[in-house]
Amino acid sequence: MTTAQTSGVAFLKGHGTENDFVIVPDPDNAVELSAAAVARLCDRRAGIGADGVLHVVRSAVHPDARHMAGEAEWFMDYRNSDGSVAEMCGNGVRVFARYLQRAGHAEAGEIAVATRGGVKNVHIAKPGQGSEEGDVTVVMGRAVLPGDGVCVTVGARSWPATNVDMGNPHAVAFVEDLDHAGTLYEEPAYAPATVYPRGVNVEFVADRGERHVAMRVHERGSGETRSCGTGACAVAVAAARRDGADPAVTGVPVSYTVDVPGGRLVITERPDGVVEMSGPAVIVAEGRIEPALLKPQS
């Protein structure tokens with residue numbers, strides 16, 4: 001019997017603007033995380049509780065990341081709270097980097113993290129620069145705006161939405177009042193469904209001031225969350241296009257402050273199209289997972 005089978009698997013709990021994660025350090029990719037096991041870990045009543053799981057694996061030993069091992073030593077094998085696999089999670093990358101720093105695998109400064117959405121370059125600020133630990137900035141890559149017409153519906157209200165791909169799909173709808181998004185217990189309806197064959201993250205956005213918006217989000221596979229990093233990036237990009245501030249056209253970087261229920265993120269889009277996201281990342285607890293929680297259930 002392995003140590004993990006008898007004494008459990010180590011975990012940490014962290015969050016980025018209250019988008020929270022169970023962190024499972026597993027350098028050798030030895031821990032089997034089935035979809036059902038991930039869902040149990042994320043259960044807020046019978047498990048640890050989280051919006052997703054950050055499975056920390058060396059890129060060289062994971063089949064989805066071996067091709068990135070030369071660029072990034074560590075792979076963020078991200079899972080949604082329902083157990084499904086996701087391409088990327090912006091808040092998750094920041095928390096992932098904070099874990100690497102805490103574990104001694106990284107220091108303040110630059111680090112590369114492999115994800116299914118590609119290699120992400122991360123900057124960990126020194127303490128006192130933005131927060132007590134220092135904010136974490138992630139180079140999120142370039143947004144893609146496919147241009148497909150999309151409509152989002154909640155109850156009797158419908159809005160046109162901007163289709164933005166940040167390595168994962170988003171539908172961004174600008175609304176007068178965030179309450180119009182409803183409870184977000186269920187995925188908002190969208191059409192045509194063929195635009196998002198694997199589902200979509202839906203953001204509802206209200207203006208708060210110049211270059212300042214607030215959002216709520218229904219994350220694909222997780223429901224409403226307190227924050228969504230790629231969603232905040234998609235919102236800033238969509239807002240810049242709406243406001244006639246596309247950096248590729250103006251030649252000037254544009255930054256938006258994006259308020260989420262769990263805090264505040266700052267999103268900057270550069271003239272070359274690269275999007276950067278800055279915000280806090282906090283580790284709040286650590287312990288061990290009971291082996292039974294990871295076992296197959298009859």
Under 3.5 Å: donor-acceptor pair, side chain of His62, backbone of Asp64: yes

Pair Arg40 + Glu290: basic N to acidic O under 4.0 Å: no

Does the distance from a Lys or Arg side-chain N to an Asp or Glu carboxylate O, for Arg242 and Asp207, drop under 4.0 Å? yes

Check whether the ring centres of Phe96 and Trp74 lie less than 6.0 Å apart, and answer yes or no. no

Test: Arg116 and Glu87 ion pair at under 4.0 Å: no

Exam field: side chain Arg220 to backbone Arg198, donor-acceptor pair closer than 3.5 Å: yes

Can you see which heavy atom on Gly14 is nearest to which on Ile23, and at what distance? N-CD1, 4.1 Å

Roughly how far, to the nearest 0.5 Å, is CZ of Phe174 from CH2 of Trp159? 13.5 Å

Gly229 and Leu265: which non-hydrogen atoms are nearest, and at how many Å? CA-CD1, 4.4 Å

Value rounded to 0.5 Å, distance of OG1 in Thr137 from CE in Met277: 8.5 Å

Output the distance between atom CZ (Arg94) and atom CZ (Phe21), rounded to the nearest 0.5 Å. 8.5 Å

Any donor-acceptor pair under 3.5 Å linking the side chain of Lys120 with the backbone of Val113? no

Do His123 and Asn121 have a side chain donor and acceptor closer than 3.5 Å? no

Give a yes or no on whether Glu110 atom CD has more than 12 heavy-atom contacts from other residues, nucleotides or ligands under 6.0 Å away. yes

For a 4.5 angstrom cut-off between non-hydrogen side-chain atoms, does Val266 reach Tyr256? no

For a 4.5 angstrom cut-off between non-hydrogen side-chain atoms, does Met68 reach Glu73? no

Is there side-chain contact between Val205 and Val175, with heavy atoms separated by less than 4.5 Å? no

Side-chain donor-acceptor pair under 3.5 Å between Ser81 and Asp51, yes or no? no

Go through the side-chain N and O atoms of His15 and Asn91 and say whether any donor and acceptor fall under 3.5 Å apart. no

Each residue besides Val249 in its hydrophobic cluster should be listed here, by chain and number; the cluster joins Ile, Leu, Val, Met, Phe, Trp and Tyr at side-chain heavy-atom distances under 4.5 Å. none

Ignoring hydrogens and geometry beyond distance, is a side-chain donor-acceptor pair present between Asp77 and His55 at under 3.5 Å? yes

Glu32 and Leu294: CA distance, side-chain angles, deciding distance, side chain to side chain contact (heavy atoms under 4.5 Å, CB included) verdict: CA-CA 8 Å; Glu32 183 178 348; Leu294 300 178; over 6 Å; no

Under the side chain to side chain contact (heavy atoms under 4.5 Å, CB included) rule, what do Val237 and Leu145 come out as? Steps first, then yes or no, please. CA-CA 9 Å; Val237 168; Leu145 287 83; 3.7 Å; yes

With a 4.5 Å limit on heavy-atom distance, are the side chains of Phe75 and Arg58 in contact? no

Can Val56 be reached from Val61 by stepping across I, L, V, M, F, W or Y side chains whose heavy atoms are under 4.5 Å apart? no

Hey, are Asp135 and Arg98 close enough for a salt bridge, meaning a charged N less than 4.0 Å from a carboxylate O? no

Report yes if some heavy atom in the side chain of Val213 is under 4.5 Å from a heavy atom in the side chain of Arg208; otherwise report no. no

I'd like to know whether Thr230 forms a side chain to side chain contact (heavy atoms under 4.5 Å, CB included) with His170, so could you lay out the CA-CA distance, the side-chain angles of the two residues, the decisive distance to 0.1 Å, and finally the verdict. CA-CA 8 Å; Thr230 54; His170 297 269; 3.1 Å; yes

Could you tell me which non-hydrogen atom of Val164 sits nearest to which non-hydrogen atom of Ala143, and how far apart they are? CG1-CB, 4.1 Å

How long is the gap from CD on Gln101 to CD1 on Ile124, to the nearest 0.5 Å? 4.5 Å

Of all heavy-atom pairs between Ala112 and Glu71, which one has the smallest distance, and what is that distance? CB-O, 3.5 Å

Cluster check Val57, Leu12: I/L/V/M/F/W/Y, side chain < 4.5 angstrom: no

Are Arg226 and Thr17 close enough that some pair of their side-chain heavy atoms sits under 4.5 Å apart? no

Under a 3.5 Å cutoff, is there a donor and acceptor pairing between the side chains of Ser227 and Glu18? no

If we only count heavy atoms from C-beta on, is the Met140 to Met166 side-chain gap below 4.5 Å? yes

Would you check if the side chain of Ser34 reaches a backbone N or O of Ala37 as a donor-acceptor pair within less than 3.5 Å? yes

How long is the gap from CD1 on Ile289 to CG on Leu41, to the nearest 0.5 Å? 5.0 Å

Hydrophobic cluster identity match, Val258 and Val275, side-chain contacts under 4.5 Å: yes

Has Arg288 got its NZ or CZ under 6.0 Å from the middle of the six-membered ring of Phe11, at an angle within 45 degrees of the ring axis? no

Set out, in order, the CA-CA distance, both residues' side-chain angles and the distance that settles salt bridge (charged side-chain N to carboxylate O under 4.0 Å, His left out) for Arg241 and Glu269, then state yes or no. CA-CA 11 Å; Arg241 302 304 183 275; Glu269 186 179 9; 2.8 Å; yes

Does Glu224 come within less than 4.0 Å of Arg216, counting only side-chain N to carboxylate O? yes

Is a donor on one side and an acceptor on the other found under 3.5 Å between the side chain of Asn163 and the backbone of Gly147? no

At their closest point, which heavy atom of Val252 faces which heavy atom of Pro247, and how far apart are they? O-CB, 3.3 Å

Can any side-chain N or O of His218 pair as donor or acceptor with the backbone N or O of Glu187 at less than 3.5 Å? yes

Is a side-chain donor or acceptor of Arg79 paired with a backbone partner of Leu54 at a separation under 3.5 angstrom? no

Do Val119 and Met76 share a hydrophobic cluster (ILVMFWY, side-chain heavy atoms under 4.5 Å, transitive)? no

Ser84 and Asp82: side chain donor to acceptor below 3.5 Å: yes

When rounded to the nearest 0.5 angstrom, what distance separates CG in Asn201 from SG in Cys228? 5.0 Å

Hey, is the main chain of Thr153 close enough, under 3.5 Å, to the side chain of Ser158 for a donor-acceptor pair? no

If we ignore angles and hydrogens, is there a donor and acceptor under 3.5 Å between the side chains of Asn168 and Tyr78? no

Nearest heavy-atom pair of Thr268 and Pro253: which atoms, and what distance? CG2-CB, 4.4 Å

Quick one: do Tyr99 and Val24 end up in the same hydrophobic cluster if we chain Ile, Leu, Val, Met, Phe, Trp and Tyr together by side-chain heavy atoms under 4.5 Å apart? no

Measure from the side-chain N and O atoms of Asp165 to the backbone N and O of Pro169, and report whether any donor-acceptor pair falls under 3.5 Å. no

Are Phe204 and Val172 close enough that some pair of their side-chain heavy atoms sits under 4.5 Å apart? no

With distance as the sole test, does Asp43 use its side chain to make a donor-acceptor pair with the main-chain N or O of Ala46 at under 3.5 Å? yes

